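Some notes on the structure that comes next.
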Number of protein chains: 2
Amino acid sequence: MARLIAEKSDLIAPLAEVFREYGFEGATLARISAATGLGKGSLYHFFPGGKEEMAQAVLAEIAHWFESHIFTPLGTTQNSAHAIAGMFAATAAYFHTGQRVCLVGVFGLNTTRDRFAQSIAAYFTRWLHTLEAALCTLGHKPAQAQLLACQSLAAIQGGIVLARALNSPQYFEAALTQAKAQCLTVSPTPHGHNNLQNS
Amino acid sequence: MARLIAEKSDLIAPLAEVFREYGFEGATLARISAATGLGKGSLYHFFPGGKEEMAQAVLAEIAHWFESHIFTPLGTTQNSAHAIAGMFAATAAYFHTGQRVCLVGVFGLNTTRDRFAQSIAAYFTRWLHTLEAALCTLGHKPAQAQLLACQSLAAIQGGIVLARALNSPQYFEAALTQAKAQCLTVSPTPHGHNNLQNS
DNA sequence: CTCATTCTGTACCAATAGGTACACTTAATA
DNA sequence: TATTAAGTGTACCTATTGGTACAGAATGAG
(Lines give C-alpha, C1' and ligand atoms only; values in the text may rest on other atoms or scores of the structure.)
Protein backbone atom coordinates (compact mmCIF):
# COMPACT_ATOMS: atom_id res chain seq x y z
CA MET A 1 0.00 0.00 0.00
CA ALA A 2 1.43 3.38 -0.99
CA ARG A 3 2.53 5.67 1.79
CA LEU A 4 0.53 8.83 2.14
CA ILE A 5 2.46 11.75 0.71
CA ALA A 6 0.22 14.24 2.45
CA GLU A 7 -1.48 13.08 5.63
CA LYS A 8 -5.08 14.02 6.08
CA SER A 9 -4.37 14.91 9.70
CA ASP A 10 -1.79 17.49 8.61
CA LEU A 11 -4.47 19.32 6.67
CA ILE A 12 -6.77 19.96 9.62
CA ALA A 13 -4.70 22.74 11.19
CA PRO A 14 -4.34 24.93 8.07
CA LEU A 15 -7.96 24.22 7.18
CA ALA A 16 -9.04 25.39 10.62
CA GLU A 17 -7.08 28.60 10.26
CA VAL A 18 -8.70 29.39 6.92
CA PHE A 19 -12.20 28.80 8.29
CA ARG A 20 -11.37 30.89 11.34
CA GLU A 21 -10.00 33.78 9.31
CA TYR A 22 -12.61 33.90 6.58
CA GLY A 23 -15.65 32.03 7.90
CA PHE A 24 -17.26 29.18 6.00
CA GLU A 25 -18.48 31.22 3.05
CA GLY A 26 -15.31 33.26 2.80
CA ALA A 27 -13.10 30.18 2.89
CA THR A 28 -12.79 29.72 -0.85
CA LEU A 29 -11.08 26.73 -2.39
CA ALA A 30 -8.39 29.06 -3.68
CA ARG A 31 -7.59 30.17 -0.13
CA ILE A 32 -7.79 26.62 1.19
CA SER A 33 -5.50 25.51 -1.59
CA ALA A 34 -2.99 28.21 -0.73
CA ALA A 35 -3.10 27.49 3.01
CA THR A 36 -2.66 23.74 2.65
CA GLY A 37 -0.32 23.86 -0.32
CA LEU A 38 -2.49 21.29 -2.07
CA GLY A 39 -4.35 21.56 -5.35
CA LYS A 40 -8.01 20.80 -5.83
CA GLY A 41 -7.15 17.29 -6.95
CA SER A 42 -5.61 16.39 -3.60
CA LEU A 43 -8.17 18.30 -1.63
CA TYR A 44 -11.07 16.44 -3.19
CA HIS A 45 -9.18 13.20 -2.85
CA PHE A 46 -9.08 13.61 0.93
CA PHE A 47 -12.44 15.31 1.23
CA PRO A 48 -14.78 14.08 -1.51
CA GLY A 49 -17.57 16.02 0.16
CA GLY A 50 -15.85 19.33 -0.51
CA LYS A 51 -15.87 22.29 1.85
CA GLU A 52 -18.61 20.87 4.01
CA GLU A 53 -16.62 17.71 4.72
CA MET A 54 -13.50 19.78 5.41
CA ALA A 55 -15.37 21.87 7.95
CA GLN A 56 -16.85 18.76 9.56
CA ALA A 57 -13.37 17.27 9.88
CA VAL A 58 -12.13 20.45 11.51
CA LEU A 59 -15.04 20.49 13.94
CA ALA A 60 -14.40 16.85 14.80
CA GLU A 61 -10.76 17.56 15.47
CA ILE A 62 -11.68 20.53 17.67
CA ALA A 63 -14.15 18.37 19.60
CA HIS A 64 -11.42 15.79 20.09
CA TRP A 65 -8.89 18.35 21.22
CA PHE A 66 -11.22 19.90 23.77
CA GLU A 67 -12.25 16.49 24.99
CA SER A 68 -8.71 15.49 25.87
CA HIS A 69 -7.26 18.87 26.85
CA ILE A 70 -10.17 20.60 28.55
CA PHE A 71 -13.16 18.41 29.36
CA THR A 72 -11.41 15.28 30.60
CA PRO A 73 -8.97 17.14 32.90
CA LEU A 74 -11.89 19.21 34.16
CA GLY A 75 -13.82 16.10 35.07
CA THR A 76 -11.02 13.96 36.48
CA THR A 77 -8.59 16.28 38.26
CA GLN A 78 -8.94 15.58 41.98
CA ASN A 79 -8.57 19.15 43.19
CA SER A 80 -11.48 20.88 41.50
CA ALA A 81 -10.05 24.35 42.15
CA HIS A 82 -6.96 23.27 40.22
CA ALA A 83 -9.14 21.73 37.57
CA ILE A 84 -11.08 24.93 37.01
CA ALA A 85 -8.02 27.19 37.13
CA GLY A 86 -6.39 24.82 34.65
CA MET A 87 -9.35 25.10 32.32
CA PHE A 88 -9.10 28.89 32.26
CA ALA A 89 -5.37 28.72 31.62
CA ALA A 90 -5.67 26.12 28.85
CA THR A 91 -8.51 28.07 27.26
CA ALA A 92 -6.59 31.33 27.28
CA ALA A 93 -3.62 29.55 25.71
CA TYR A 94 -5.75 27.86 23.05
CA PHE A 95 -7.42 31.10 22.00
CA HIS A 96 -4.14 33.02 22.09
CA THR A 97 -5.58 35.34 24.74
CA GLY A 98 -8.51 36.18 22.51
CA GLN A 99 -6.51 36.90 19.39
CA ARG A 100 -7.58 33.59 17.92
CA VAL A 101 -11.22 33.17 17.18
CA CYS A 102 -13.41 30.29 18.38
CA LEU A 103 -14.42 28.53 15.18
CA VAL A 104 -17.43 26.89 16.77
CA GLY A 105 -18.68 30.19 18.13
CA VAL A 106 -18.15 31.91 14.81
CA PHE A 107 -20.00 29.23 12.87
CA GLY A 108 -22.93 29.66 15.22
CA LEU A 109 -23.32 33.35 14.51
CA ASN A 110 -24.48 33.28 10.90
CA THR A 111 -26.39 30.89 8.68
CA THR A 112 -23.44 28.49 8.76
CA ARG A 113 -25.03 27.42 12.04
CA ASP A 114 -27.71 25.50 10.17
CA ARG A 115 -25.16 23.24 8.49
CA PHE A 116 -23.30 22.35 11.68
CA ALA A 117 -25.95 22.87 14.34
CA GLN A 118 -25.33 19.51 15.96
CA SER A 119 -21.56 19.88 16.34
CA ILE A 120 -21.95 23.44 17.58
CA ALA A 121 -24.54 22.58 20.20
CA ALA A 122 -22.60 19.51 21.34
CA TYR A 123 -19.43 21.54 21.84
CA PHE A 124 -21.04 24.10 24.10
CA THR A 125 -23.31 21.77 26.05
CA ARG A 126 -20.41 19.46 26.80
CA TRP A 127 -18.31 22.38 28.03
CA LEU A 128 -21.18 23.83 30.02
CA HIS A 129 -22.02 20.56 31.78
CA THR A 130 -18.43 19.59 32.54
CA LEU A 131 -17.68 22.98 34.04
CA GLU A 132 -20.94 22.94 35.96
CA ALA A 133 -20.08 19.58 37.50
CA ALA A 134 -16.64 20.80 38.53
CA LEU A 135 -18.18 23.88 40.13
CA CYS A 136 -20.58 21.69 42.09
CA THR A 137 -17.68 19.58 43.29
CA LEU A 138 -15.92 22.73 44.39
CA GLY A 139 -18.86 23.50 46.64
CA HIS A 140 -21.12 25.78 44.62
CA LYS A 141 -24.83 25.17 44.84
CA PRO A 142 -26.20 23.49 41.67
CA ALA A 143 -28.18 26.54 40.56
CA GLN A 144 -25.20 28.79 41.16
CA ALA A 145 -22.88 26.37 39.38
CA GLN A 146 -25.11 26.42 36.31
CA LEU A 147 -25.14 30.19 36.28
CA LEU A 148 -21.37 30.45 36.80
CA ALA A 149 -20.64 27.96 34.02
CA CYS A 150 -22.81 29.92 31.62
CA GLN A 151 -21.25 33.19 32.72
CA SER A 152 -17.74 31.79 32.30
CA LEU A 153 -18.31 30.54 28.76
CA ALA A 154 -19.94 33.85 27.88
CA ALA A 155 -16.91 35.66 29.31
CA ILE A 156 -14.59 33.54 27.18
CA GLN A 157 -16.58 34.02 23.98
CA GLY A 158 -17.27 37.68 24.68
CA GLY A 159 -13.65 38.21 25.61
CA ILE A 160 -12.66 36.90 22.19
CA VAL A 161 -15.09 39.27 20.49
CA LEU A 162 -13.74 42.27 22.41
CA ALA A 163 -10.10 41.32 22.03
CA ARG A 164 -10.55 40.87 18.27
CA ALA A 165 -12.63 44.02 17.82
CA LEU A 166 -10.21 46.20 19.78
CA ASN A 167 -7.18 44.24 18.65
CA SER A 168 -5.78 43.84 22.13
CA PRO A 169 -5.60 40.77 24.39
CA GLN A 170 -6.10 42.85 27.52
CA TYR A 171 -9.88 42.78 27.05
CA PHE A 172 -9.88 39.00 26.94
CA GLU A 173 -7.85 38.91 30.13
CA ALA A 174 -10.10 41.41 31.88
CA ALA A 175 -13.22 39.44 31.01
CA LEU A 176 -11.61 36.18 32.10
CA THR A 177 -10.10 37.18 35.45
CA GLN A 178 -13.50 38.28 36.71
CA ALA A 179 -15.17 35.04 35.71
CA LYS A 180 -12.34 32.94 37.06
CA ALA A 181 -12.38 34.74 40.41
CA GLN A 182 -16.09 34.17 40.78
CA CYS A 183 -15.75 30.48 39.98
CA LEU A 184 -13.00 29.98 42.55
CA THR A 185 -14.67 32.02 45.27
CA VAL A 186 -17.14 29.62 46.77
CA SER A 187 -19.90 31.25 48.83
CA PRO A 188 -19.96 31.03 52.71
CA THR A 189 -20.20 27.18 52.34
CA PRO A 190 -23.28 26.40 54.50
CA HIS A 191 -23.13 22.67 53.76
CA GLY A 192 -21.32 22.37 50.42
CA HIS A 193 -18.45 19.87 50.07
CA ASN A 194 -15.71 22.44 49.68
CA ASN A 195 -12.25 21.09 48.86
CA LEU A 196 -9.95 24.07 48.67
CA GLN A 197 -7.57 22.51 51.24
CA ASN A 198 -4.43 22.23 49.11
CA SER A 199 -4.74 24.71 46.29
CA MET B 1 -37.24 67.62 -7.47
CA ALA B 2 -38.62 64.14 -7.87
CA ARG B 3 -39.82 62.46 -4.72
CA LEU B 4 -37.79 59.43 -3.72
CA ILE B 5 -39.68 56.27 -4.52
CA ALA B 6 -37.47 54.23 -2.27
CA GLU B 7 -35.86 56.07 0.64
CA LYS B 8 -32.26 55.26 1.38
CA SER B 9 -33.07 55.14 5.08
CA ASP B 10 -35.63 52.40 4.48
CA LEU B 11 -32.89 50.20 3.05
CA ILE B 12 -30.68 50.19 6.12
CA ALA B 13 -32.80 47.80 8.16
CA PRO B 14 -33.07 45.01 5.55
CA LEU B 15 -29.43 45.54 4.63
CA ALA B 16 -28.45 45.10 8.26
CA GLU B 17 -30.40 41.88 8.52
CA VAL B 18 -28.70 40.42 5.46
CA PHE B 19 -25.24 41.29 6.77
CA ARG B 20 -26.16 39.88 10.17
CA GLU B 21 -27.47 36.62 8.76
CA TYR B 22 -24.79 35.95 6.17
CA GLY B 23 -21.80 38.06 7.16
CA PHE B 24 -20.12 40.47 4.76
CA GLU B 25 -18.82 37.86 2.34
CA GLY B 26 -22.00 35.80 2.42
CA ALA B 27 -24.21 38.83 1.80
CA THR B 28 -24.41 38.50 -1.97
CA LEU B 29 -26.06 41.11 -4.15
CA ALA B 30 -28.74 38.54 -4.98
CA ARG B 31 -29.63 38.21 -1.29
CA ILE B 32 -29.44 41.94 -0.75
CA SER B 33 -31.66 42.46 -3.76
CA ALA B 34 -34.20 39.96 -2.43
CA ALA B 35 -34.18 41.45 1.08
CA THR B 36 -34.60 45.04 -0.06
CA GLY B 37 -36.88 44.33 -3.00
CA LEU B 38 -34.64 46.49 -5.18
CA GLY B 39 -32.70 45.55 -8.27
CA LYS B 40 -29.04 46.22 -8.81
CA GLY B 41 -29.84 49.43 -10.63
CA SER B 42 -31.48 50.98 -7.58
CA LEU B 43 -28.98 49.52 -5.18
CA TYR B 44 -26.04 51.04 -7.03
CA HIS B 45 -27.94 54.28 -7.42
CA PHE B 46 -28.11 54.65 -3.63
CA PHE B 47 -24.76 53.05 -2.90
CA PRO B 48 -22.34 53.69 -5.77
CA GLY B 49 -19.62 52.14 -3.67
CA GLY B 50 -21.34 48.75 -3.68
CA LYS B 51 -21.38 46.33 -0.78
CA GLU B 52 -18.69 48.17 1.12
CA GLU B 53 -20.68 51.41 1.11
CA MET B 54 -23.83 49.53 2.12
CA ALA B 55 -22.04 48.00 5.10
CA GLN B 56 -20.58 51.37 6.06
CA ALA B 57 -24.06 52.89 5.97
CA VAL B 58 -25.37 50.11 8.19
CA LEU B 59 -22.51 50.60 10.66
CA ALA B 60 -23.15 54.34 10.71
CA GLU B 61 -26.83 53.77 11.44
CA ILE B 62 -25.97 51.33 14.22
CA ALA B 63 -23.55 53.85 15.72
CA HIS B 64 -26.28 56.48 15.59
CA TRP B 65 -28.87 54.20 17.17
CA PHE B 66 -26.59 53.22 20.03
CA GLU B 67 -25.57 56.82 20.55
CA SER B 68 -29.14 57.98 21.11
CA HIS B 69 -30.62 54.87 22.73
CA ILE B 70 -27.76 53.53 24.83
CA PHE B 71 -24.79 55.85 25.24
CA THR B 72 -26.55 59.18 25.73
CA PRO B 73 -29.05 57.83 28.31
CA LEU B 74 -26.17 56.07 30.05
CA GLY B 75 -24.27 59.33 30.34
CA THR B 76 -27.08 61.71 31.18
CA THR B 77 -29.58 59.81 33.36
CA GLN B 78 -29.32 61.30 36.85
CA ASN B 79 -29.74 58.07 38.78
CA SER B 80 -26.81 56.01 37.57
CA ALA B 81 -28.27 52.75 38.89
CA HIS B 82 -31.31 53.40 36.71
CA ALA B 83 -29.05 54.33 33.84
CA ILE B 84 -27.10 51.09 34.01
CA ALA B 85 -30.17 48.91 34.52
CA GLY B 86 -31.72 50.70 31.56
CA MET B 87 -28.70 49.93 29.43
CA PHE B 88 -28.97 46.23 30.15
CA ALA B 89 -32.67 46.24 29.40
CA ALA B 90 -32.30 48.19 26.16
CA THR B 91 -29.43 45.97 25.08
CA ALA B 92 -31.36 42.78 25.74
CA ALA B 93 -34.27 44.17 23.74
CA TYR B 94 -32.07 45.27 20.86
CA PHE B 95 -30.39 41.89 20.55
CA HIS B 96 -33.67 40.01 20.95
CA THR B 97 -32.30 38.32 24.08
CA GLY B 98 -29.33 37.04 22.15
CA GLN B 99 -31.24 35.67 19.19
CA ARG B 100 -30.12 38.61 17.09
CA VAL B 101 -26.46 38.87 16.37
CA CYS B 102 -24.30 41.96 17.00
CA LEU B 103 -23.19 42.99 13.53
CA VAL B 104 -20.23 44.94 14.83
CA GLY B 105 -19.02 42.01 16.88
CA VAL B 106 -19.48 39.62 13.97
CA PHE B 107 -17.57 41.85 11.57
CA GLY B 108 -14.71 41.94 14.04
CA LEU B 109 -14.32 38.17 14.13
CA ASN B 110 -13.05 37.48 10.62
CA THR B 111 -11.07 39.37 8.00
CA THR B 112 -14.01 41.73 7.50
CA ARG B 113 -12.51 43.47 10.52
CA ASP B 114 -9.76 44.96 8.37
CA ARG B 115 -12.26 46.80 6.18
CA PHE B 116 -14.20 48.33 9.06
CA ALA B 117 -11.64 48.38 11.85
CA GLN B 118 -12.28 52.00 12.71
CA SER B 119 -16.06 51.70 13.05
CA ILE B 120 -15.72 48.48 15.02
CA ALA B 121 -13.19 49.88 17.47
CA ALA B 122 -15.16 53.12 17.89
CA TYR B 123 -18.35 51.23 18.71
CA PHE B 124 -16.80 49.20 21.51
CA THR B 125 -14.57 51.89 22.98
CA ARG B 126 -17.48 54.31 23.15
CA TRP B 127 -19.62 51.71 24.91
CA LEU B 128 -16.81 50.72 27.24
CA HIS B 129 -16.01 54.28 28.29
CA THR B 130 -19.61 55.39 28.73
CA LEU B 131 -20.41 52.39 30.90
CA GLU B 132 -17.20 52.85 32.84
CA ALA B 133 -18.10 56.45 33.61
CA ALA B 134 -21.58 55.48 34.79
CA LEU B 135 -20.09 52.80 37.03
CA CYS B 136 -17.75 55.36 38.57
CA THR B 137 -20.66 57.68 39.19
CA LEU B 138 -22.46 54.82 40.89
CA GLY B 139 -19.59 54.56 43.33
CA HIS B 140 -17.28 51.91 41.92
CA LYS B 141 -13.56 52.56 42.09
CA PRO B 142 -12.11 53.54 38.69
CA ALA B 143 -10.10 50.33 38.28
CA GLN B 144 -13.10 48.24 39.27
CA ALA B 145 -15.38 50.23 36.95
CA GLN B 146 -13.08 49.55 34.04
CA LEU B 147 -13.05 45.84 34.78
CA LEU B 148 -16.81 45.69 35.25
CA ALA B 149 -17.48 47.53 31.99
CA CYS B 150 -15.25 45.12 30.11
CA GLN B 151 -16.85 42.16 31.83
CA SER B 152 -20.34 43.43 31.03
CA LEU B 153 -19.67 43.89 27.34
CA ALA B 154 -18.04 40.48 27.21
CA ALA B 155 -21.10 39.00 28.90
CA ILE B 156 -23.35 40.62 26.31
CA GLN B 157 -21.28 39.49 23.34
CA GLY B 158 -20.63 36.06 24.81
CA GLY B 159 -24.29 35.72 25.72
CA ILE B 160 -25.17 36.28 22.08
CA VAL B 161 -22.70 33.61 20.98
CA LEU B 162 -24.11 31.08 23.45
CA ALA B 163 -27.74 31.92 22.77
CA ARG B 164 -27.18 31.56 19.03
CA ALA B 165 -25.12 28.40 19.30
CA LEU B 166 -27.58 26.67 21.60
CA ASN B 167 -30.58 28.33 20.01
CA SER B 168 -32.07 29.47 23.28
CA PRO B 169 -32.29 32.94 24.84
CA GLN B 170 -31.87 31.55 28.36
CA TYR B 171 -28.09 31.54 27.99
CA PHE B 172 -28.08 35.21 27.10
CA GLU B 173 -30.18 35.96 30.14
CA ALA B 174 -27.99 33.88 32.43
CA ALA B 175 -24.85 35.65 31.25
CA LEU B 176 -26.48 39.06 31.61
CA THR B 177 -28.07 38.78 35.06
CA GLN B 178 -24.70 37.99 36.62
CA ALA B 179 -22.99 40.95 34.98
CA LYS B 180 -25.86 43.28 35.78
CA ALA B 181 -25.93 42.24 39.43
CA GLN B 182 -22.22 42.88 39.78
CA CYS B 183 -22.53 46.32 38.22
CA LEU B 184 -25.34 47.35 40.53
CA THR B 185 -23.74 45.92 43.68
CA VAL B 186 -21.33 48.61 44.71
CA SER B 187 -18.62 47.49 47.14
CA PRO B 188 -18.70 48.55 50.87
CA THR B 189 -18.41 52.21 49.71
CA PRO B 190 -15.44 53.46 51.78
CA HIS B 191 -15.52 56.93 50.25
CA GLY B 192 -17.23 56.48 46.86
CA HIS B 193 -20.07 58.82 45.87
CA ASN B 194 -22.83 56.26 45.95
CA ASN B 195 -26.25 57.39 44.77
CA LEU B 196 -28.61 54.46 45.16
CA GLN B 197 -31.04 56.54 47.19
CA ASN B 198 -34.16 56.21 45.03
CA SER B 199 -33.69 53.18 42.82
C1' DC C 1 11.52 -4.37 -11.86
C1' DT C 2 6.43 -4.68 -11.81
C1' DC C 3 2.40 -3.44 -10.27
C1' DA C 4 -1.46 -1.68 -7.84
C1' DT C 5 -2.73 2.07 -5.13
C1' DT C 6 -2.43 6.57 -3.61
C1' DC C 7 -1.78 11.05 -4.57
C1' DT C 8 -1.57 15.28 -7.55
C1' DG C 9 -1.85 18.81 -11.39
C1' DT C 10 -4.38 20.51 -15.20
C1' DA C 11 -8.13 21.35 -17.87
C1' DC C 12 -12.65 21.98 -17.82
C1' DC C 13 -17.56 23.01 -16.38
C1' DA C 14 -21.96 25.58 -15.31
C1' DA C 15 -23.31 28.88 -11.93
C1' DT C 16 -22.72 32.90 -9.65
C1' DA C 17 -19.99 36.73 -7.98
C1' DG C 18 -19.67 42.04 -7.96
C1' DG C 19 -20.07 45.63 -10.96
C1' DT C 20 -21.25 48.74 -15.24
C1' DA C 21 -24.05 50.86 -18.99
C1' DC C 22 -27.93 52.67 -20.35
C1' DA C 23 -32.50 53.21 -21.83
C1' DC C 24 -36.59 53.71 -19.54
C1' DT C 25 -40.24 55.07 -16.09
C1' DT C 26 -41.81 57.81 -12.39
C1' DA C 27 -43.20 62.03 -10.25
C1' DA C 28 -42.64 66.77 -8.27
C1' DT C 29 -42.33 71.36 -9.93
C1' DA C 30 -43.01 75.20 -12.72
C1' DT D 1 -48.75 69.75 -19.45
C1' DA D 2 -43.64 70.09 -20.27
C1' DT D 3 -39.39 69.72 -17.93
C1' DT D 4 -36.03 67.71 -15.21
C1' DA D 5 -34.04 64.98 -11.99
C1' DA D 6 -34.56 60.68 -9.35
C1' DG D 7 -35.24 56.05 -9.48
C1' DT D 8 -35.47 51.45 -11.91
C1' DG D 9 -35.00 47.03 -14.87
C1' DT D 10 -32.41 44.55 -18.10
C1' DA D 11 -28.66 43.15 -20.48
C1' DC D 12 -24.12 42.56 -20.25
C1' DC D 13 -19.16 42.10 -18.60
C1' DT D 14 -15.14 39.67 -16.52
C1' DA D 15 -13.47 37.06 -12.62
C1' DT D 16 -14.21 33.64 -9.53
C1' DT D 17 -16.99 30.20 -7.34
C1' DG D 18 -17.40 25.02 -5.95
C1' DG D 19 -16.97 20.95 -8.21
C1' DT D 20 -15.65 17.06 -11.78
C1' DA D 21 -12.75 14.24 -14.92
C1' DC D 22 -8.83 12.13 -15.71
C1' DA D 23 -4.18 11.35 -17.15
C1' DG D 24 -0.05 10.91 -14.98
C1' DA D 25 3.46 10.97 -11.09
C1' DA D 26 4.91 9.06 -6.79
C1' DT D 27 5.46 5.15 -3.79
C1' DG D 28 5.78 0.94 -1.16
C1' DA D 29 4.78 -4.29 -1.69
C1' DG D 30 5.80 -8.41 -4.04
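These numbers come from the heavy atoms of this one structure, side chains and all, not from hydrogens, waters or symmetry mates. In what follows, every chain begins at residue 1, and chains take the letters A, B, ... in the order their sequences are listed. Every value quoted in this text rests on a predicted model; they were computed, and no experiment measured them.
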Tell me, please, which residues at least two apart from A:Ala165 pass side chain to side chain contact (heavy atoms under 4.5 Å, CB included). B:Ile120, B:Phe124

Specify the separation, in whole Å, of atom CG of B:Leu43 and atom C1' of C:dT20. 14 Å

When the ring centroid of B:Tyr123 is compared with that of B:Phe66, is the distance short of 6.0 Å? yes

Expected list for residues 25-42 of chain A: side-chain donor-acceptor pairs under 3.5 angstrom, two or more places apart:
residue, atom, partner, partner atom, Å
A:Thr28, OG1, A:Arg31, N, 3.2
A:Arg31, NH1, A:Gly26, O, 2.7
A:Ser33, OG, A:Leu38, O, 2.5
A:Thr36, OG1, A:Ile32, O, 2.8
A:Thr36, OG1, A:Ser33, O, 3.4
A:Thr36, OG1, A:Leu38, N, 3.3

Under the side-chain hydrogen bond (donor to acceptor under 3.5 Å, both in side chains) test, which residues partner A:Thr112, sequence neighbours left out? A:Asn110

Atom-to-atom span, CG of A:Leu38 to C1' of C:dT6 - whole angstrom: 13 Å

The contact string for nucleotides 16-24 of chain D, one letter per nucleotide 5' to 3', using protein heavy atoms under 4.0 Å with B, S and - for base, sugar-phosphate only and none, comes out as -SBBB----

With A:Gln157, which residues qualify under side-chain hydrogen bond (donor to acceptor under 3.5 Å, both in side chains), at least two apart? none

Rounded to the nearest Å, what distance is computed from the CD1 atom of residue B:Ile32 to the C1' atom of nucleotide C:dA17? 12 Å

B:Glu7 CD to C:dA27 P, in whole Å, measures 13 Å

Distance check needed: C:dT26 P versus B:His45 NE2, whole Å only. 16 Å

Sequence neighbours left out, what passes side chain to side chain contact (heavy atoms under 4.5 Å, CB included) with B:Ala90? Give chain and number order. B:Ile70

